[in-house]
Amino acid sequence: MTEETRLDTYDPSTLEPAWQERWEREGLYRSDIDPERPKHYALTMLPYPSGDLHIGHWYAMAPSDARARYMRMRGFNVLFPMGFDAFGLPAENAAISRGIHPSEWTYSNIERMRDQLKRMGMMVDWRRESVSADPTYYHWTQWFFRRLLEADLAYRKRAPVDWCPSCNTTLAREQVWGDDRRCERCTTPVVRKELSQWFFRTTRYAEELLTFSGLDWPERVETLQRNWIGRSEGASVVFETESGSALEIFTTRPDTLWGVTFMVLAPEHPLVEELMSDEQRSEVEAYIETSTRQTEIQRESADREKTGVFTGGYAVNPVNGERVPVWIADYVLMSYGTGAIMAVPAHDQRDFEFARRFGLEVRPVILPDDGILPLGEDLEAATTDSGPMAASGPLTDTPADRALEATLTYLEAEGIGERSVSYRLRDWLVSRQRYWGAPIPVVHCRECGPVAVPEEELPVLLPDDVEWLPTGESPLKLHPTWRHVDCPKCGGKAERETDTMDTFMCSSWYHLRYLSPDYDQGPFDPAEYDYWMPVDTYTGGIEHATMHLIYTRFFHKACRDLGILQGDEPMRMLRNQGIILGEDSEKMSKSRGNVVAPDELVDYYGTDVMRAYLMFFARWEQGGPWNSRGIEGTARWLRRLWNLFHEGAGDHPVDEEATRDLRRKVHQTLQKVGRDFEELQFNTIVAAMMELFNQMSEASAAGVEPDAWDEAWSIYLRMLAPVAPHLAEELWHRRGEKTSVHRASWPEIDEEALEVESFTLVIQVNGKLRDRLTLPVGTPEKEIRTRALEAEGAAKFIEGKTVRKVIVVPGRLVNVVVS
RNA sequence: GCCGGAGUGGCGGAAUGGUAGACGCGACGGACUCAAAAUCCGUUGGCCGCAAGGUCGUGGGGGUUCGAGUCCCCCCUCCGGUACCA
């Protein structure tokens, strides 16, 4: 190829496919276990095969690929695999609207996207490709489900769940987004439905999921997860009811126990039935009825007026023996804490509003700053005072900073309550009423209840012949024969579970399947696991902070506890790319017509230009609006680079200084590029290389030593290899190299070349820049000082003033303080 | 409301507490061309000035410091998350 293409213009359209073909033929990107070398597992989030590789995919993957390539040149044995998150709704919707089988739709999309990915020039070992819709894959998704079920980490319960009326399926809490509770996929507002569904016990790992030790994750993601998990410390306190049951509540303010004037239960609370008096029965039942209906319609805003009803029952406050009325209200949620609260209207705004609405007593028990306890009826809102406790029996006068601790100690000593922690995190709802997913490997038997499908019968295959009607029922339920089976336990008549699994279950372990996609003795080959795991660099969008990234951490920890794998965390380092917006700064969408089509750009500019521009155009973690003219700059850079390479340094007499300066710049750039690759600061990598290129241009005009020129190119092309792999390879071979630049190692920095003979001394007077001097390195401080004071630009600002102080920063600047 | 993050030229963006605006886009001027495009060279934060130079300048206000885009406090705006979570 080197001969034929020696035409002299940079033509990516011939050069790029030729190299791609050769790399594939030579197996350049195969990664195998090599105990001799340190490993590096680089991973980008599993793409959904939606049909075409869009600019967002490019943005996620091309810079990540450059980073992986850099790590490989640094001597790591790099695994950078790729696959597809192939189950999911769009495939099924295509079936419904166009009559194409979801499988056909999915696999033809995969074909196309695989080609597009190859065209990007990614360093992917395609032998390890995994597709989550393959039976050889979901076999193990089902196997994991079984293991979780055996360990009681999967369970089935009837509960009010979020239902998307457009997707016709339930959703996990994490998949309901925004103020108005919309479906994460299709933005339809969700509704509540009471259904029997499968859940994973993510809450069992709430505490452990809060620690991120040993992880290099963005602070932002950790915060999102912490908030999502929502840990609150407090006390659980038991109130006896007059009907004889124990009513347990959770509170973060046990120090206000003496201010309790009533209790509130969630309408669904199991004790409601027992507590309500005959007189209140009809009213209570009517309230329960309307509150259930209300949540079905839509969740109303938080600031609507409080509603509730008295149950007619009473409980006894364990700290003072007082009899307090028990109410029900929908501002208390069954799904948090114990579904019951003690109400302290004087110090909790929600309780306050409720008390005022229904004429309940308000009793302050925290002294305000003025030291005078107000009357409850005078308050206009719950107080946020932080004075000592008041009217609180034995704890009266306890100062605020000791109040919580003192109360907890008191409660424990008296046997009334104990320290307790509550989490906002809910268990993960994994049932989906859709066809195109991994079937839940369970059989329902009238005699034995839900029974796991035996391991040797896995996978439970999806039948091909199914009606895809958006009925709200699982399509598998409508299949004439599929669901009828014998119970694996008793042999009696039974039915298969017809729901499929949330696709987040598939993506919770794909990084493990990549290790050994053909392995059939288990989900992954332990030898591969031992060598490659954990993932060293994980890249993807921030939108998965509380979905995929919590699920996969939970999954990993659960599997660790089941003895399936080792280690506490699946992904050591995480980085998020931002979003590319349209040129109008709006989110890209077909309806807005602001979508950037990568294929067209690649046709026009080539992959290398595209890759380089994606690295350069914005801060990667931030993203931003696309600028189609900006790409010209990157294209120009590579074209000029091509030209300069072929023009050479020319025949000028050698300029020693230019030569020294060039070598210094080369090694400085090498240092900067290496540092920035480590931190995934892609934009400054390209900027630094452009700067070096500019200096090489100047140096060639000035005249440089051939050895220095040669060295510059040798280093330049290796730095370029991760960014523009095809161009770097082509020029590398044109220099006469016989092996691939992608097998070359990252250049070594020559510390000597970095040394400088002189430096610019900045002279400030009162902090303002007044002059600059070029001085030899090693100029004694005393001389620096005098030279600074005499410097022309500075002198006129010093004249006639008193020099108070002279700050000398060696090798950098002098600041003369005058007055 | 609460929890994060961000505000730097016309634009994208650079800057271990030490020369603000690297690099690129755009714009302007010039060369080449019959012409245009491409390419090449130069200029390009605002204001004052013929110039030398001066002066202002990193959302606003205060502070720490010899010195602040960078650290601290208060505020404003935008973006993201979350929201009757007891």
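Labels below follow one simple rule: chain letters A, B, ... track the order of the sequence lines, proteins then strands, and each chain is numbered from 1. Just so it is clear, the model here is predicted, and its values are computed rather than measured.
Listed nucleotides: B/A83, B/C3, B/G26. Nearest to the side chain of A/R424: B/A83. The A/R629 side chain lies nearest to B/A27 when the options are B/A86, B/G4, B/A27. Distance from the side chain of A/Y331 is smallest for B/C84 among the nucleotides B/C84, B/A86, B/C66. The nucleotide whose nearest atom lies closest to any side-chain atom of A/I807 is, among B/G24, B/G54, B/G18, B/G18. Out of B/G4, B/G54, B/C84, the shortest distance to the side chain of A/K306 is found at B/C84.
Here B/U55 presents its C1' atom at 16 Å from CG of A/N766, a figure rounded to the nearest Å. The CZ-C1' distance, from A/R575 to B/G5, rounds to 16 Å in whole Å. Rounded to whole Å, atom C1' of B/C84 lies 9 Å from atom CG of A/D348. Distance CD (A/E353) to C1' (B/G1): 12 Å, rounded to an integer number of Å. Rounded to whole Å, the distance from CG on A/L641 to P on B/C23 is 17 Å. When the P atom of B/G5 is taken as reference, atom CD1 of A/I542 falls 12 Å away, rounded to whole Å. Look at CD on A/E792: it is 10 Å from P on B/G54, rounded to the nearest Å. Nucleotide B/G17 holds its C1' atom 12 Å from the CD atom of A/Q764, rounded to whole Å.
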Do any N or O atoms of the protein come closer than 3.5 Å to N or O atoms of nucleotides 46-49 of chain B, and which pairs are they?
none

What are the atom names and distances for every N/O pair under 3.5 Å that joins the protein to nucleotides 10-13 of chain B?
from	atom 1	to	atom 2	distance (Å)
B/G12	O2'	A/F617	O	2.2
B/G13	OP1	A/Q622	NE2	2.9
B/G13	O3'	A/N683	ND2	3.1

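Nucleotides B/C79 and B/G29, compared at atom C1', are 40 Å apart to the nearest Å. For the C1' atoms, the distance linking B/A51 with B/G5 amounts to 47 Å, nearest Å. Between the P atoms of B/C74 and B/G9, the separation comes to 26 Å (whole Å). Annotation: B/U8 and B/G21 have their C1' atoms spaced 8 Å apart (nearest Å). Taking the C1' atoms as reference points, B/G57 lies 8 Å from B/G46, given to the whole Å. One C1' atom belongs to B/U44, the other to B/G24, and the distance between them is 14 Å to the nearest Å. B/G45 and B/A36 are spaced 33 Å apart, taking the C1' atom of each and rounding to whole Å.
Neither OP1 nor OP2 of B/C40 sits under 4.0 Å from any side-chain N or O of A/R636. Remark: A/S232 is in phosphate contact with B/A86, judged by side-chain N or O atoms under 4.0 Å from OP1 or OP2. In this structure, A/K768 reaches the B/C56 phosphate: one of its side-chain N or O atoms is under 4.0 Å from OP1 or OP2. The shortest distance between the side-chain N/O atoms of A/R770 and the OP1/OP2 oxygens of B/U55 is below 4.0 Å.
Side-chain N or O atoms of A/N576 include none that pairs as donor or acceptor with a backbone N or O of A/E621 at under 3.5 Å. Judged by distance alone, with hydrogens and angles left aside, the side-chain atoms of A/D351 form a donor-acceptor pair with the main-chain N or O of A/V344 at under 3.5 Å. Judged by distance alone, with hydrogens and angles left aside, the side-chain atoms of A/R363 form a donor-acceptor pair with the main-chain N or O of A/W258 at under 3.5 Å.
Ion pairing between A/R785 and A/E781 fails under the 4.0 Å rule for side-chain N and carboxylate O. Using a cut-off of 4.0 Å between Lys/Arg side-chain N and Asp/Glu carboxylate O, A/R192 and A/D162 are scored as salt-bridged. Contact check on A/D676 versus A/K672 returns a salt bridge, with a Lys/Arg side-chain nitrogen under 4.0 Å from an Asp/Glu carboxylate oxygen.
The closest side-chain heavy-atom distance from A/R424 to A/I229 is not below 4.5 Å. Between A/N766 and A/V816, every side-chain heavy-atom pair lies at or beyond the 4.5 Å cut-off.
For A/F682 and A/F616, the distance between ring centers is not under 6.0 angstrom.
Contact annotation: side chain of A/R639 to base of B/U39, donor-acceptor pair absent below 3.5 Å.
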Which dot-bracket string fits RNA chain B when only Watson-Crick or G-U wobble pairs with both atom distances under 3.5 Å count, crossing pairs get [ ], and | stands for a partner on a different strand?
-> (((((((..(((.....[....)))((((((.......))))))((((....))))..(((((..]....))))))))))))....

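Mapping A/Y336 and A/R173 onto RNA chain B by nearest heavy atom places A/R173 closer to the 5' end of the strand.
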